[in-house]
Engineer: 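The structure that follows is given in the form of structure tokens.
These numbers come from a predicted model, not from an experiment.
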Amino acid sequence: MTASAAAAGIGAGADRRVQIRGFRGLRSSGLIPFGRPLPALPIGSSSGSCSVIRAVSTPTKPDTAVKRSKVELFKEQSNFLRFPLNEELLSEAPNINEAATQLIKFHGSYQQTNRDERGVKSYQFMLRTKNPCGKVPNKLYLVMDDLADEFGIGTLRLTTRQTFQLHGILKKDLKTVMSTIIKNMGSTLGACGDLNRNVLAPAAPYAKKEYVFAQETAENIATLLTPQSGAYYDLWVDGENVMSAEPPDVVKARNDNSHGTNFPDLPEPIYGTQFLPRKFKIAVTVPKDNSVDILTNDIGVVVVSDNDGEPQGFNIYVGGGMGRTHRVETTFPRLGEPLGYVPKADILFAIKAIVVTQRENGRRDDRKYSRMKYLISAWGIEKFRSVVEQYYGKKFEPFRELPEWEFKSYLGWHEQGNGAMFCGLSVDNGRIGGKMKKTLREVIEKYNLNVRITPNQNLILCDIRCSWRRPISIALAQAGLLLPRYIDRLNLTAMACPALPLCPLAITEAERGIPDILRRVRAVFDKVGLKYNDSVVIRVTGCPNGCARPYMAELGLVGDGPNSYQIWLGGTPNQTRLAKSFLNKVKVQDLEKVLEPLFYNWRIERQRHESFGDFTARMGFDKLEELVKKWEGPGESSSRFNLKIFSDRQTYEAMANLAKLQNKTAHQLAMEVIRNYVAAQQNGKEKTAIMWMKIPTHKL
């Protein structure tokens, strides 16, 4: 059985088709009884060509040979994520075995080694929290800050899915760290593994109805799809019941089995023994606000309100996903596409129906093809919608019209709408450490602030009284946490995954490499005559799995070998179009040979207000490759001015040392100082301008 799968959304007008071998289902080992037949179609609907691809809960014939990945066996034999992890945690060894390594992911942890160290492997664990909407209570933030120092590597990492990561936890400390998080309003359950991951939503703490409703919906979806067996609490808090009461609507939707979605006799009514074929990602947002990269998720949910701003229902996208494998054309990034609209009372039932469709039909033989995007690419959206409707029990209504998407960072100061303010802070690559970490701790503790993590690896301080703004601003500025207008725009939108040295999948650098890459890009901008306010969305990952969503960037650098990258071009600033692969295996030291001709021609040939991504898409890769091959430099200086800023070496060296702290060149920082000083003089606010720079006033 073969199925044709189109790579949706790859380039304008693209219709690339690949052949992915179909999957005929799973055979039960007999350990746990299976059995949920596919429900009847809703009245008035037609099955068309919808043949059922069997998976876990639909029994297969005894003589059917089924190939299953090793992970599927680990899950089935685990007693709902307990065995052999429970035994491995008690051993004296610094690591755990293969089966336990897979199972601990469901509990929110990855086993890692420090790849910078040679010889004997030094095992450690990364813990990832689960924070729907990126919400972090004051108490939890302070605990995470403590745990990073006492048991981790002294830093906190903000992720692209609005969570924390703690690195460097030793096996002997796992239970202490886990239980501390659980008992302080946190959780790591389901932050990794083959189930629903953290549910994204706009992090801005606005009091607006649609934002509040979107965040409540995200939290309800997260609760609906949280594992129920109790294994997590058995392992980490000895079975102590620390779960809070669930909303009645969530309980009702989870327990409803009127359309054959559940395993009524199992402790996991939605997931069963096998959970999902692979990771599953959901985001919820409001119209226009694409702070969550809505189209990159398995399910994207958009609040639809009436003219009075009252939420009425939801548009639903399905089938997004980033991961791929180099040089395997049957794997690809994909954008979500419209599934339909549901009234607000039905959203949990609709989400559950989509999840069950993937549970029953997603491939479990080859994990490269197990994400829901491959199922939808193979089936087509019409067939997928028809099967989902059988589990939903209704037909989806037509997709409602939406305005154009905008990327929103929420950096700087904003009014919440309830008399309080919030302050969005740019955190390079989400890494909080050193003086920044100490100052954030002091501010958050002193003013009893709740915080939120954004999908762009930044932090929002919430519920700030207006009278606190000035002292908080001064404290943040002294720690180098600046207002966005004093930060290079390249840094404001850039993202990178952690990659080396701890990620086992990394091929090359990402987080450790991006500061130098951004400096070099800014230098190229200067060389070819681009303005300081010109910017490009740059994302870097150490491997093709796409954790920092590089395939949505205007310039994506994807690890393609030691010290080399695959270059992707053509995404948009509002993250609505996939980039395309431009060049393979470009050595990091050769990036300027590619970037100079691209940025120079963007400057001289772009249309009015045309972004770099739109420019590269319009020009086409054949033309761009020709420009790169024939490039001999911009000729005469492209800069309109060639000014000597520094009159002596001592001043230059002092500025250069300060610039290094901001990952900038001395020239870039000097120009910022001059621009900001001139602007402040014009506004009569030079003291404020100086305060918001990282440069101590006694050194100016």
Engineer: With a 3.5 Å cut-off and no angle check, do the side chains of D463 and Y447 form a donor-acceptor pair?
Structural biologist: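 No, because no side-chain N or O of D463 sits under 3.5 Å from a partner of the opposite role on Y447.
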Engineer: How far apart are the C-alpha atoms of D289 and Y410, what are their side-chain angles, what is the distance that settles it, and do they pass the side-chain hydrogen bond (donor to acceptor under 3.5 Å, both in side chains) test?
Structural biologist: CA-CA 11 Å; D289 188 335; Y410 298 114; 2.3 Å; yes
Engineer: So, does T160 use its side chain to make a donor-acceptor pair with the main chain of C547 at under 3.5 Å?
Structural biologist: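 Yes; judged by distance alone, with no hydrogens or angles, the pair exists.
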Engineer: Are F275 and F106 close enough that their ring centres sit under 6.0 Å apart?
Structural biologist: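 Centroid distance F275-F106: below 6.0 Å, so yes.
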Engineer: So which pairs with a foot in residues 177-191 pass side chain to side chain donor-acceptor pair (under 3.5 Å), sequence neighbours left out?
Structural biologist: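 As it turns out, the side chain to side chain donor-acceptor pair (under 3.5 Å) pairs with a partner in residues 177-191, which skip direct neighbours, are T188-Y232.
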Engineer: Can you tell me if N198 and Q162 form a side-chain donor-acceptor pair at under 3.5 Å?
Structural biologist: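 Q162 and N198 do not have a side-chain donor-acceptor pair below 3.5 Å.
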Engineer: So which atom in D249 and which in L348 form the shortest heavy-atom distance, rounded to 0.1 Å?
Structural biologist: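 Closest approach of D249 to L348, heavy atoms only: O-CD1, 3.8 Å.
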Engineer: Mind running side chain to side chain contact (heavy atoms under 4.5 Å, CB included) on Y271 and L276 for me, showing each step along the way?
Structural biologist: CA-CA 7 Å; Y271 290 130; L276 298 180; 3.9 Å; yes
Engineer: Run the salt-bridge test on R82 and D234 with the 4.0 Å N-O cut-off and return the result as yes or no.
Structural biologist: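 Counted as a salt bridge, because a side-chain N and a carboxylate O are separated by less than 4.0 Å.
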Engineer: Verify the ring-centre separation between F422 and Y206: is it less than 6.0 angstrom?
Structural biologist: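 For Y206 and F422, the ring centres are under 6.0 Å apart.
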Engineer: Please confirm whether the backbone N or O of G193 pairs with a side-chain atom of R197, one donor and one acceptor, at under 3.5 Å?
Structural biologist: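 Yes; judged by distance alone, with no hydrogens or angles, the pair exists.
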Engineer: Under a 3.5 Å distance rule, please check whether H414 uses its side chain to pair with a backbone N or O of A204 as donor and acceptor.
Structural biologist: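 Not a single qualifying donor-acceptor pair exists.
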Engineer: How about CD on E415, more than 12 heavy atoms from neighbouring residues, nucleotides or ligands closer than 6.0 Å, or not?
Structural biologist: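 Counting neighbours around CD of E415, 12 or fewer heavy atoms of other residues, nucleotides or ligands fall under 6.0 Å, so no.
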Engineer: Look at D293 together with K281 and state whether they make a salt bridge at an N to O cut-off of under 4.0 Å.
Structural biologist: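 Between K281 and D293 there is no salt bridge, as every charged N stays at least 4.0 Å from the carboxylate O atoms.
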Engineer: Taking atom OG1 of T493 and atom CE of M495, what is their separation to the nearest 0.5 Å?
Structural biologist: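 Answer for the OG1-CE pair, T493 versus M495, is 9.0 Å.
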Engineer: Give a yes-or-no answer on whether the side chains of T155 and R431 include a donor-acceptor pair shorter than 3.5 Å.
Structural biologist: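 Present: a donor and an acceptor within the cut-off.
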Engineer: Mind checking whether P498 and Q165 have side chains closer than 4.5 Å, heavy atoms only?
Structural biologist: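 Heavy-atom side-chain distance check passes, below 4.5 Å.
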Engineer: So, K437 and D149, do they make that salt bridge, N to O below 4.0 Å?
Structural biologist: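 Salt bridge between K437 and D149, a charged N being under 4.0 Å from a carboxylate O: yes.
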Engineer: Answer yes when R157 and E511 have at least one side-chain N-carboxylate O distance shorter than 4.0 Å, and no when they do not.
Structural biologist: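 So R157 pairs with E511 through a salt bridge.
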Engineer: To the nearest 0.5 angstrom, please state how far the CD1 atom of I282 sits from the CD1 atom of I299.
Structural biologist: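 Spacing of CD1 (I282) from CD1 (I299) equals 4.0 Å.
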Engineer: Considering all heavy atoms of both residues, which atom of M372 and which atom of G319 are nearest to each other, and what is their separation?
Structural biologist: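 That would be CE-N, 4.0 Å.
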Engineer: List the atom of M185, the atom of L140, and the distance in Å for their closest heavy-atom pair.
Structural biologist: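 Heavy atoms of M185 and L140 come nearest at O-CD2, 3.9 Å.
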Engineer: Could you tell me whether a side-chain N or O of N450 sits under 3.5 Å from a main-chain N or O of N138, the two making a donor and an acceptor?
Structural biologist: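 Indeed, once roles are kept as given, a pair shorter than 3.5 Å links the two residues.
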Engineer: So, taking the atom named CG in N574 and the one named NZ in K288, what distance separates them when rounded to the nearest 0.5 Å?
Structural biologist: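 Output value for this atom pair is 12.5 Å.
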Engineer: If you compare all heavy atoms of T572 against all heavy atoms of T576, which two are closest, and at what distance to 0.1 Å?
Structural biologist: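 Looking at all heavy atoms of both residues, the shortest contact is OG1-N, 3.0 Å.
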Engineer: Quick one: do the N456 and T454 side chains pair a donor with an acceptor below 3.5 Å?
Structural biologist: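 The answer is no; no qualifying pair exists.
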Engineer: May I ask you to test the M126-S109 pair for a side-chain heavy-atom distance under 4.5 Å?
Structural biologist: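 Side-chain contact under 4.5 Å: no.
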Engineer: Rounded at 0.5 Å granularity, tell me how far CD in Q575 sits from OG in S291.
Structural biologist: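 Here the rounded value is 10.0 Å.
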Engineer: Considering only heavy atoms from C-beta outward, does the side chain of P573 approach that of F407 to under 4.5 Å?
Structural biologist: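 When only atoms from C-beta onward are counted, F407 and P573 do not touch, as no gap falls below 4.5 Å.
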Engineer: Taking the side chain as every heavy atom from C-beta outward, state whether R512 and P501 have any pair of such atoms under 4.5 Å apart.
Structural biologist: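 In contact.
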Engineer: Quick one: do D194 and K279 make a salt bridge, cutoff under 4.0 Å?
Structural biologist: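 Judged by the 4.0 Å cut-off on N to carboxylate O distance, D194 and K279 do not form a salt bridge.
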Engineer: Check for a donor-acceptor pair, side chain of K373 on one end and backbone N or O of G336 on the other, with a separation under 3.5 Å.
Structural biologist: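 No; zero donor-acceptor contacts below 3.5 Å.
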Engineer: Which heavy-atom pair separates V292 from V284 by the least distance, and what is that distance?
Structural biologist: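 Taking V292 first and V284 second, the nearest heavy atoms are CG1-O, 4.3 Å.
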Engineer: If you draw a 6.0 Å radius around NZ in K344, do more than 12 non-hydrogen atoms from other residues or ligands fall strictly inside?
Structural biologist: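 Yes - once you tally the heavy atoms of other residues, nucleotides and ligands closer than 6.0 Å, there are more than 12.
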Engineer: Give a yes or no on whether a salt bridge exists between R441 and D145, defined as a side-chain N under 4.0 angstrom from a carboxylate O.
Structural biologist: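 Yes.
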Engineer: Please assess C503 against Y110 for the test side chain to side chain contact (heavy atoms under 4.5 Å, CB included), listing each intermediate value before the final yes or no.
Structural biologist: CA-CA 9 Å; C503 178; Y110 283 88; over 6 Å; no
Engineer: Are any of the side-chain heavy atoms of Y141 and F164 separated by less than 4.5 Å?
Structural biologist: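 They are in side-chain contact.
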Engineer: Are there over 12 heavy-atom neighbours, none belonging to K446, within less than 6.0 Å of that residue's NZ?
Structural biologist: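 Result for NZ/K446: open.
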Engineer: For the atom pair CG (L147) and CG (L156), what is the distance rounded to the nearest 0.5 Å?
Structural biologist: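 These two atoms lie 9.0 Å from each other.
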Engineer: Would you please name every residue forming a salt bridge (Lys or Arg N to Asp or Glu O under 4.0 Å) with R161, sequence neighbours left out?
Structural biologist: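 For R161 there are no salt bridge (Lys or Arg N to Asp or Glu O under 4.0 Å) partners, ignoring immediate neighbours.
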Engineer: Of the non-hydrogen atoms in C497 and G542, which two are nearest, and what is the gap between them?
Structural biologist: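 Answer, listing the atom of C497 first, then G542: SG-N, 3.3 Å.
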Engineer: Within the 4.5 Å heavy-atom criterion, are V302 and P287 side-chain neighbours or not?
Structural biologist: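 When only atoms from C-beta onward are counted, P287 and V302 do touch, with a gap below 4.5 Å.
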Engineer: Ignoring hydrogens and geometry, is there a side-chain-to-backbone donor-acceptor pair from R469 to I464 under 3.5 Å?
Structural biologist: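 No; zero donor-acceptor contacts below 3.5 Å.
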Engineer: For the aromatic rings, using the six-membered ring if either is Trp, is the centroid distance between F213 and F314 under 6.0 Å?
Structural biologist: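 Ring centres of F314 and F213 closer than 6.0 Å.
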Engineer: Strictly distance-based, threshold 3.5 Å: is any side-chain N or O of N315 a donor or acceptor partner for the main-chain N or O of Y341?
Structural biologist: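 Here the side-chain-to-backbone pair does not exist.
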Engineer: For a side-chain hydrogen bond (donor to acceptor under 3.5 Å, both in side chains) check, start with the C-alpha distance between N131 and T129, then their side-chain angles and the critical distance, and finish with the verdict.
Structural biologist: CA-CA 6 Å; N131 308 87; T129 60; 2.5 Å; yes
Engineer: Taking everything shown except R465 itself, do over 12 heavy atoms lie less than 6.0 Å from its CZ?
Structural biologist: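 No, not enclosed.
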Engineer: For residues Q215 and K135, determine if any side-chain heavy atom of one lies less than 4.5 Å from a side-chain heavy atom of the other.
Structural biologist: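 Yes, side chains in contact.
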Engineer: Which pairs count as salt bridge (Lys or Arg N to Asp or Glu O under 4.0 Å) when at least one residue sits in residues 299-314, sequence neighbours excluded?
Structural biologist: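 Applying salt bridge (Lys or Arg N to Asp or Glu O under 4.0 Å) to every pair that reaches into residues 299-314, excluding sequence neighbours, yields K209-E310.
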Engineer: Starting at CG of L103, measure out to CG of L85 and round the result to the nearest 0.5 Å.
Structural biologist: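 That separation rounds to 6.0 Å.
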Engineer: Quick check against the 3.5 Å criterion: does Q457 have a side-chain atom that pairs as donor or acceptor with the backbone of A548?
Structural biologist: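 Checked: no pair found.
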Engineer: With side chain to side chain contact (heavy atoms under 4.5 Å, CB included) as the criterion, how do T285 and W405 come out once you've worked through the C-alpha distance, each side chain's angles and the decisive distance to 0.1 Å?
Structural biologist: CA-CA 11 Å; T285 191; W405 292 107; 3.7 Å; yes
Engineer: Yes or no on side chain to side chain contact (heavy atoms under 4.5 Å, CB included) for T439 and Q478, after CA distance, side-chain angles and deciding distance?
Structural biologist: CA-CA 9 Å; T439 300; Q478 291 174 344; over 6 Å; no
Engineer: Are R452 and V136 side-chain neighbours, meaning at least one heavy-atom pair lies under 4.5 Å?
Structural biologist: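 Counting from C-beta outward, R452 and V136 never come under 4.5 Å.
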